[in-house]
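Below is one structure, written out as structure tokens; comments come after it.
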Amino acid sequence: MEGSETSGDTAQPWQSYHTVYTNAKAGMEGVDKEKVQRIVYEMSKGSKYFENEERKEAFIRQKIENLQAQCAKLTEADISNYQKVAEKRMLELEATRDLSRCWLHVDMDAFYAAVETLSNPTLKGKPMAVGSISMISTANYEARKFGVRAAMPGFIARKLCPELIFVPTDFKKYTYYSDLARKVFQRYDPNFTATSLDEAYLDVTEVCKERSVTSKEIAKELRACVYEETGLTCSAGVAPNRLLAKVCSDINKPNGQFVLPNDRMAVVTFISSLPIRKIGGIGKVTENILRGVLGISTCEQLLQKGGYICALFSQSTSDFFLSVGLGIGATSTPQARLRKSISNERTFSATEDEAQLFRKLEELSEMLSVDMQKEGLCGRTLTLKLKTASFEVRTRAVTLQKYISSRDDILKHAVKLLKAELPISLRLIGLRVSHFSEDKCGSPSDPTQKPITNFIASRDPKKSCSLLLPDVTDNDPVETPVDDASSSDYNEVSKVLGSDLCSLGDQSGSSSLDNVTCMPNLSEDEQLNSCQDETLLWFNDYRCSICGIELPPSFVEERQEHSDFHLAEKLQKEESGIQPRTATLSQRFGREKISQHRVNPRNRSCLGKKVDTCRLIIFLLKTVKACKLYYIILYIYILLYSITLQGWIFVSCVFFLVMKCV
DNA sequence: GGGAAAACATTAT
DNA sequence: TTCCAATAATGTTTTCCC
């Protein structure tokens with residue numbers, strides 16, 4: 001960022017292009033920043049990523065302008081009033097200052113890179129980065145001299161340093177060395193807090209007292225022990241609170257330490273000239289906003305502009321800014337925090353192929369379910385994260401009445417969320433589950449399930465209606481028990497996913513709609529009632545649950561056609577429905593709350609048309625599959641005639657049904 | 001109007 | 001020639017629903 005804000009010069013456009021990795025990091029002091037910035041700009045310019053970054057920057061500029069306007073509206077009286085509020089708050093915060101503790105923040109130096117060098121000493125002295133051509137996790141100090149650093153895409157790093165060696169990440173290795181280091185930390189503070197594999201906070205107050213040594217000596221000894229046990233170097237910062245200790249550990253990196261005495265004057269002097277960006281929690285955006293709106297770049301200025309800060313920001317935000325200005329931070333050992341969410345996401349080459357997208361979703365559901373079951377977690381909020389081909393990030397969430405953790409439950413709800421966004425071209429899909437149950441739920445069975453629903457949810461293909469039925473096991477007063485549309489949705493997806501999705505419920509290899517010979521405990525009428533308007537089942541292995549037609553299992557092709565016929569019929573009902581898609585969504589999702597992406601009303605009709613077209617294509621494809629070739633020829637013939645009519649879809653569907661009946 | 005949920009943004013490693 | 005991650009937490013704003 002340094003000095004670059006002053007230039008609006010179009011001859012040097014790279015000066016206004018900032019990323020997290022154009023900011024200086026330890027070991028990058030001698031780097032030709034201008035050259036790095038120019039190369040990063042040249043490599044990025046014109047890309048979709050770049051365009052999205054520009055959009056985001058424009059958004060931040062707008063935010064700054066809005067805050068400036070808000071500032072301009074403040075009267076003298078307002079300002080004086082807010083100044084009083086700020087002063088009062090500063091006094092209150094000052095009263096909470098605690099200089100009795102000694103906190104030590106320890107940070108392993110270029111951790112992943114150092115571990116890799118340890119296991120492969122030939123890398124020593126060579127510029128090396130851990131990560132891939134798409135993203136770098138850590139760069140060693142040799143690479144940093146070229147401007148290469150963490151969070152930088154590998155292809156840009158290679159341009160900056162053509163001889164850069166890439167090493168893939170190996171978390172097993174890092175976890176092993178991290179555990180070794182943590183054993184050392186434990187000797188100094190049994191309740192230390194690890195914030196990542198390579199960082200930890202230790203309260204060394206007691207150990208200093210017990211051994212009558214200074215915190216400086218403790219830090220030195222700890223670093224020596226870590227080196228002895230792991231062969232890796234680390235840096236340490238010692239200060240009266242965690243916020244300051246973190247800042248201090250960065251000062252003499254690598255393999256160094258910095259101690260800030262437990263003295264108010266020392267703290268205030270230290271913090272006053274510190275750039276706000278050095279503070280954990282103040283990133284690129286906050287820095288830009290504070291500088292753009294209030295001209296703040298050092299912590300001292302946070303206090304000087306306290307009145308404006310209280311006027312513009314929420315209480316929690318202004319409290320944070322004021323305590324930073326005072327050098328006040330947390331001094332108590334944080335409670336062991338319980339995990340609040342679990343997620344996974346994958347980036348891939350952008351695609352709008354729905355089958356591919358659903359396959360990705362299926363893989364993610366599987367992975368997430370495995371992770372959740374490993375940790376015995378069940379959650380009731382599922383969030384789908386999408387990154388479009390143009391790098392726009394969207395999230396769509398649903399909160400259920402029932403806690404879920406199984407792959408099928410996750411997939412079922414994720415599919416609904418994704419379907420509402422189609423058609424879409426994506427480069428990333430992610431799934432997150434939150435709102436965990438307080439009870440561990442390792443057992444796959446749900447004690448709240450009623451016997452019948454339990455039976456239906458069973459994965460045994462011999463007993464189960466399985467995946468093709470909507471999950472009535474939600475046992476949910478909010479969700480509608482069984483919803484025709486949702487079942488049809490799920491069938492559509494089953495078709496799209498093909499055998500992958502169906503394999504769990506269908507190990508016989510027969511058609512997806514043909515795999516069910518179930519509900520032995522119910523009478524046929526009961527079965528018919530419960531399955532009316534639902535997915536097709538073959539009762540007693542020969543009778544269709546929807547129309548009652550009898551077809552023995554050996555009539556494989558005929559049964560497939562029959563299944564497709566009902567499916568097409570269902571689709572036709574959907575297609576000829578007069579409600580717009582936005583209205584049908586609430587029906588589809590029962591009474592679950594689904595927040596829709598806010599669509600610009602101007603684009604809504606356009607989107608609707610696209611969706612309609614897409615659905616028409618699906619319908620046609622299914623029709624083609626369901627018909628013999630001679631039907632198709634006749635179908636196209638009639639279609640060409642009927643296309644001139646307004647209701648041609650309807651006419652086509654009627655024709656199709658007539659042909660099937662014939 | 002207020003609380004809950006959803007959507008979005010920011011930050012850190 | 002083209003290429004920009006994964007995971008988790010938290011805060012703010014917007015939307016929904018009673």
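To find a chain, count down the sequence lines: A is the first, B the second, and so on, and within it residues start at 1. Nothing here was measured: the structure is a model prediction, and the numbers come from that model.
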Each stem that DNA chain C is part of, given as range with range (3 or more consecutive Watson-Crick or G-U pairs, under 3.5 Å): B:1-13 with C:6-18

Which residues satisfy the side-chain contact (heavy atoms from CB on, under 4.5 Å) test with A:Y227, sequence neighbours excluded? A:T233

Using the test side-chain contact (heavy atoms from CB on, under 4.5 Å), find all partners of A:A219 that sit at least two apart in sequence or belong to another chain. A:L104, A:A236, A:V238, A:Q257

By side-chain contact (heavy atoms from CB on, under 4.5 Å), which residues pair with A:E199, not counting sequence neighbours? A:H105, A:D107, A:T195, A:S196, A:K246

A:L322 and side-chain contact (heavy atoms from CB on, under 4.5 Å): which partner among A:L93, A:L302, A:T317, A:I328? A:L93

Encode nucleotides 6-12 of chain C as B, S and - characters from 5' to 3', where the letter depends on protein heavy atoms closer than 4.0 Å: B to the base, S only to sugar-phosphate, - to neither. BBBSSSS

Looking at residues at least two apart in the chain, or sitting in another chain, which of them share a side-chain contact (heavy atoms from CB on, under 4.5 Å) with A:S425? A:A350, A:E352, A:A389

From C:dC4, B:dA12, B:dA5, pick the nucleotide closest to the side chain of A:K246? B:dA12

Check whether the side chain of A:S47 and the base of C:dC4 form a donor-acceptor pair under 3.5 Å. no

Considering residues at least two apart in sequence or located in another chain, which fulfil the salt bridge (Lys or Arg N to Asp or Glu O under 4.0 Å) criterion with A:K45? A:E42

Name the atoms and distances for all side-chain donor-acceptor pairs under 3.5 Å in residues 154-163 of chain A, with sequence neighbours left out.
none

Taking only residues at least two apart or on different chains, which pairs with a member in residues 417-436 of chain A satisfy ring-ring contact (aromatic ring centres under 6.0 Å, His included)? none

Atom-pair distance (CD1 on A:I282; P on B:dT11), nearest Å: 9 Å

